[in-house]
Amino acid sequence: MPYFLNLFTPETWAAFQEHGAEVSGFRYRQRRVARERIKPGDIFLCYLVRLSRWCGALEIESNAFEDDTPIFDDPDPFIVRFRVKPIVCLAPEVAIPIFEPEVWRNLSETRNSELGSTSWTGYFRSSLRELADEDGEFLLSALKKQACEKHEFPFSDRDR
């Protein structure tokens, strides 16, 4: 099953949930990738930028469509959309930091870098990047586990 990166800010993650957690959106410039590569049954793995945390997993339930009804902002820049079904939606304080040693060691983009380095950040600059199957499976499993355990990860000064 293909896994794709879905980036959120803390604000867009909150807006997504406030609007029922049923529609995820992307910028118009991403429409070609959205239409050609993403299919129902694929999984979005959700990452909180600025907090560097994995916050959710969404099953894609539709093909891409365009809609400018405000969800994330008004006017809303995220008009290329998918209907989704949440598998896991974590609050920011229980979202899994990428710097957790188990996560860092298991992701193909970070495991060969020193813990805490910034060499991996280029990979996480754009939504709809396909993740390696092993990374997707690991993250989905970790997110499901965290949804049950709800281990809290205190915010750092930088996070606040």
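Values below: all heavy atoms of this structure, side chains included; hydrogens, waters and symmetry mates excluded.
- At least one donor-acceptor pair under 3.5 Å links the side chain of Trp13 to the backbone N or O of Leu90.
- Between Phe82 and Phe4, the gap from one ring centroid to the other reaches at least 6.0 Å.
- Within the 4.5 Å cutoff, the side chain of Leu143 has heavy atoms near those of the Ile96 side chain.
- For the atom pair OG (Ser127) and CZ (Phe44), the distance works out to 8.0 Å, reported to the nearest 0.5 Å.
- Closest heavy-atom contact between Ala132 and Ser108: CB-OG, 4.4 Å.
- Scanning both residues, Leu7 and Ser126, for their nearest heavy atoms gives CD1-N, 3.5 Å.
- Side chain of Arg53 to main chain of Phe153: a donor-acceptor pair is present (N/O by atom type, distance under 3.5 Å, no hydrogens or angles).
- For the pair Pro75/Asp68, no side-chain contact is recorded, criterion being any heavy-atom separation below 4.5 Å from C-beta on.
- Across all their heavy atoms, Val94 and Lys150 have their closest contact at CG1-O, 3.8 Å.
- The shortest side-chain heavy-atom distance between Asp73 and Phe78 does not fall under the 4.5 Å cut-off.
- Under 4.0 Å is where a charged nitrogen must lie from a carboxylate oxygen, and between Glu66 and Arg35 at least one such pair does.
- Across every non-hydrogen atom of Cys89 and Leu58, the tightest pair is SG-CD2, 4.3 Å.
- Not a single donor-acceptor pair under 3.5 Å links the side chain of Gln30 to the backbone N or O of Leu128.
- Rounding to the nearest 0.5 angstrom, the gap separating the OG1 atom in Thr69 from the CG atom in Asp74 is 10.0 Å.
- Remark: the backbone N or O of His151 is paired with a side-chain donor or acceptor of Gln146 at under 3.5 angstrom.
- Here Ile79 contributes atom CD1 and Asp67 contributes atom CG; the two are 9.0 Å apart, rounded to the nearest 0.5 Å.
- One distance of note links CD of Glu93 with CD of Glu152; it measures 6.0 Å at 0.5 Å rounding.
- Considering all non-hydrogen atoms of both residues, Leu107 and Asp135 come closest at CA-OD1, 3.6 Å.
- Between the side chain of Arg111 and the main chain of Asn106, a donor-acceptor pair closer than 3.5 Å is present.
- Residues Ile71 and Phe16 are not in side-chain contact: their nearest non-hydrogen atoms beyond the backbone lie 4.5 Å or more apart.
- Put simply, the side chain of Trp104 gets close to the backbone of Thr110: a donor and an acceptor are under 3.5 Å apart.
- The environment of CZ in Arg31 is crowded: more than 12 heavy-atom neighbours from other residues, nucleotides or ligands sit within 6.0 Å.
- Other residues, nucleotides and ligands contribute only 12 or fewer heavy atoms inside 6.0 Å of the NZ atom of Lys145.
- The closest side-chain heavy-atom distance from Met1 to Glu59 is not below 4.5 Å.
- A distance of 14.0 Å separates CZ of Arg129 from CG of Asn6, quoted to the nearest 0.5 Å.
- Residues Ile60 and Val84 approach most closely at CA-CG1, 4.3 Å, considering heavy atoms.
- Distance check, rounded to the nearest 0.5 Å: CZ of Phe72 to CZ of Arg81 gives 6.5 Å.
- For the pair Pro97/Trp54, no side-chain contact is recorded, criterion being any heavy-atom separation below 4.5 Å from C-beta on.
- Inter-residue side-chain proximity for Tyr3 and Glu130 is flagged as unmet; no heavy-atom pair is nearer than 4.5 Å.
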